Amino acid sequence: MEVKNMELGVSAAFLRAFRAEHNLAGLTTEQVKQQIVLEESKEWECVYIKVPKVYSNKHYLGEATVFVSHAWKYDMNDVIDVLLRFADQQHDGKEIFFWFDVFCVNQHTHENHTSDWWQTAFKKQIKDIGKVLLVMAPWQDPIPMTRAWCLWEIHCAIEGKIPLSIGLPPNQRDAFQQGVTESFDAITKALVRIDATKSTAFLSADRDKIHAAIKATEGGFHGLNVQVKNHLRQWYLDTALELAEQMQDGQRTLTLMNIAASLSKLGDNANALLCYQRCLATLGERHSEIPSIYNNMTNIHISMGNYRLARETCKKSLQIKIATLGEGHLDIASSHNNLGNIERNTGNHAEALEAYQRALQIRLAKLGERHPETVGTMYSIANTQLNMGNHAKAFAMFENTLRISLGSQGEHPDTAGSYMGLANAYSSMGSYAKALKLYERSLNIRMATLGEQHPDTAITIGNIGTTLIQARQVAEGRDKLQRSVYLLTRAVGAGHPNTQTFAHVLARANALLQSGR
């Protein structure tokens with residue numbers, strides 16, 4: 001069989017036979033390499049697939065069709081489970097052959113590749129194979145997201161437009177299903193932790209060369225982080241929806257609500273509304289979760305600029321809550337907060353402030369000052385004070401929300417909001433240099449956690465552009481505004497108030513540049 005080692009892969013039949021022949025219980029892929037692969041190939045000092053008992057079996061080897069990306073700390077049985085499940089799910093009639101480095105690399109030697117090799121030959125080898133399968137565990141803090149090799153493999157797949165699949169071991173699929181039933185916060189936290197600059201490798205020389213290759217790419221470390229987070233974010237959501245369809249009605253509804261909340265946070269409002277509408281159809285109007293669903297739908301309508309629909313869902317939520325819970329209940333605060341958002345966005349600032357203060361009074365009493373919902377209401381009050389020209393009150397409130405957010409949540413989207421609020425306040429006072437620094441901090445967090453396609457990220461870019469123009473850096477500001485309008489048009493449409501606001505500022509910037517001012 002004359003096939004280059006890099007292109008030679010092992011079959012599902014080989015994996016089953018290897019597991020049957022060896023006791024793999026409790027062994028990591030690294031331990032399998034050390035205790036089995038090196039031992040059984042030492043007579044020839046060759047790659048394991050060239051060991052005669054393997055190489056001579058026509059059912060074991062073939063031209064590689066799937067590149068396996070894994071971590072050496074993984075349980076070998078878990079990895080094999082993922083590979084076999086992937087092979088069983090292929091329905092095109094073609095046999096799968098896995099390029100799995102445990103077996104397909106000569107473990108008796110270590111090739112000292114240059115950073116150029118990672119940029120050229122390695123990328124070509126992955127492209128020639130045609131598919132990448134990433135084995136991921138644990139689901140809420142994946143080891144591959146901390147390993148330089150794995151991150152580079154993911155980058156090569158995405159940049160080369162090569163199909164990239166992600167597989168969870170069976171125990172992790174169960175844990176993921178349980179996790180998304182309870183909350184989606186773990187997903188946001190997992191995305192926040194991804195940072196290619198902190199990735200490691202077993203050999204520091206490999207790490208340094210991969211890092212050099214990353215730096216040489218167009219986007220550098222930041223670009224790689226964005227690539228990986230965008231792909232992983234979409235996979236989390238797709239997998240959660242797939243699992244939800246397999247659940248019973250009650251559990252499915254709870255999961256769909258969590259998915260909808262996550263979709264909304266990630267800027268996919270249309271699909272979030274569809275999830276909530278599916279929940280309404282399943283539960284009926286008298287279910288205890290209905291007010292919360294209406295409340296969440298109100299938030300989405302507000303973010304999309306659909307204030308008429310927002311009022312409708314908000315009033316439905318508030319009526320049900322008051323009738324069943326009474327005025328002082330915590331859930332009433334959400335409806336008051338939403339009414340405040342509607343009034344503020346339609347220019348009724350005094351009415352908005354009154355509604356927010358009712359919400360804040362309840363949330364302070366029930367949740368305390370450090371709770372994210374309390375901080376969110378404080379942030380809304382600060383914005384309203386700023387809109388009303390009460391700058392001193394606005395500054396004090398923005399600084400308080402930033403202090404609390406940093407202390408309780410760190411580099412979280414809510415913290416990004418506090419940075420942006422304070423930046424808005426400085427911008428309104430003409431302190432553009434201070435405003436730009438705060439906007440940049442907000443943007444860095446939102447790019448890392450939400451991605452560039454999220455409306456909040458686009459708004460931050462637009463605010464930076466507007467402030468640059470105010471600071472007489474018109475050309476640079478115009479570029480930022482073009483990007484903001486493009487992203488907002490894709491995310492929420494050309495007719496959305498935010499899109500139109502930045503489009504108007506962009507037109508003014510173009511006019512200034514044309515006039516030479």
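Model, not experiment: these values are computed from the prediction. Along the sequence shown, residues are numbered consecutively beginning with 1.
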Looking at [X] and [Y], would you say the former's side chain and the latter's main chain have a donor-acceptor pair under 3.5 Å?
X: S317; Y: P291; value: yes
X: S264; Y: A261; value: no
X: H70; Y: V135; value: no
X: T29; Y: W72; value: yes
X: S442; Y: L438; value: no
X: Q107; Y: D101; value: yes
X: Y379; Y: G417; value: yes
X: N106; Y: E45; value: yes
X: D331; Y: S292; value: no

Using only heavy-atom distances, determine whether the side chains of [X] and [Y] contain a donor-acceptor pair under 3.5 Å.
X: Y48; Y: E40; result: yes
X: H301; Y: N269; result: no
X: T146; Y: S199; result: no
X: E440; Y: N444; result: no
X: N337; Y: T377; result: yes
X: S11; Y: H59; result: no

Just how far is it from atom [atom1] of [X] to atom [atom2] of [Y], taken to the nearest 0.5 Å?
X: Q31; Y: L24; atom1: CD; atom2: CG; value: 11.0 Å
X: Y276; Y: T253; atom1: OH; atom2: OG1; value: 12.5 Å
X: D456; Y: N498; atom1: CG; atom2: CG; value: 9.0 Å
X: L151; Y: H155; atom1: CG; atom2: NE2; value: 11.0 Å
X: L330; Y: E373; atom1: CG; atom2: CD; value: 6.5 Å

So, do [X] and [Y] sit near enough that their side-chain heavy atoms are less than 4.5 Å apart?
X: I461; Y: Y486; result: no
X: I154; Y: Q227; result: no
X: N338; Y: Y294; result: no
X: K321; Y: S334; result: yes
X: F97; Y: V10; result: no
X: F67; Y: F100; result: no
X: M136; Y: V82; result: no
X: I129; Y: E7; result: no

Ionic contact status for [Y] with [X], cut-off 4.0 Å:
X: R19; Y: D81; result: yes
X: E39; Y: K42; result: yes
X: R85; Y: D78; result: no
X: D128; Y: K124; result: yes
X: E411; Y: R446; result: no
X: E369; Y: R363; result: no
X: R483; Y: E452; result: yes
X: E21; Y: K53; result: yes

TODO: With sequence neighbours left out, write down each residue that passes ring-ring contact (aromatic ring centres under 6.0 Å, His included) with F221, or none if nothing qualifies.
DONE: H211
TODO: Report, as yes or no, whether the 6.0 Å neighbourhood of atom CZ on R490 holds more than 12 heavy atoms from other residues, nucleotides or ligands.
DONE: no
Task: Residues, nucleotides or ligands: over 12 heavy atoms within 6.0 Å of R147 CZ - done: yes
Task: The single option from I459, T457, N463 passing side chain to side chain contact (heavy atoms under 4.5 Å, CB included) against L443 - done: T457
Open item on the list: Just checking F14 against F103, ring centres under 6.0 Å apart?
Closed with: yes
Task: Working for side-chain hydrogen bond (donor to acceptor under 3.5 Å, both in side chains), residues S41 and H108 - done: CA-CA 9 Å; S41 60; H108 297 274; 2.8 Å; yes
Task: Aromatic ring pairing W149/F122, orientation class (parallel under 30°, perpendicular over 60°, tilted between) - done: perpendicular
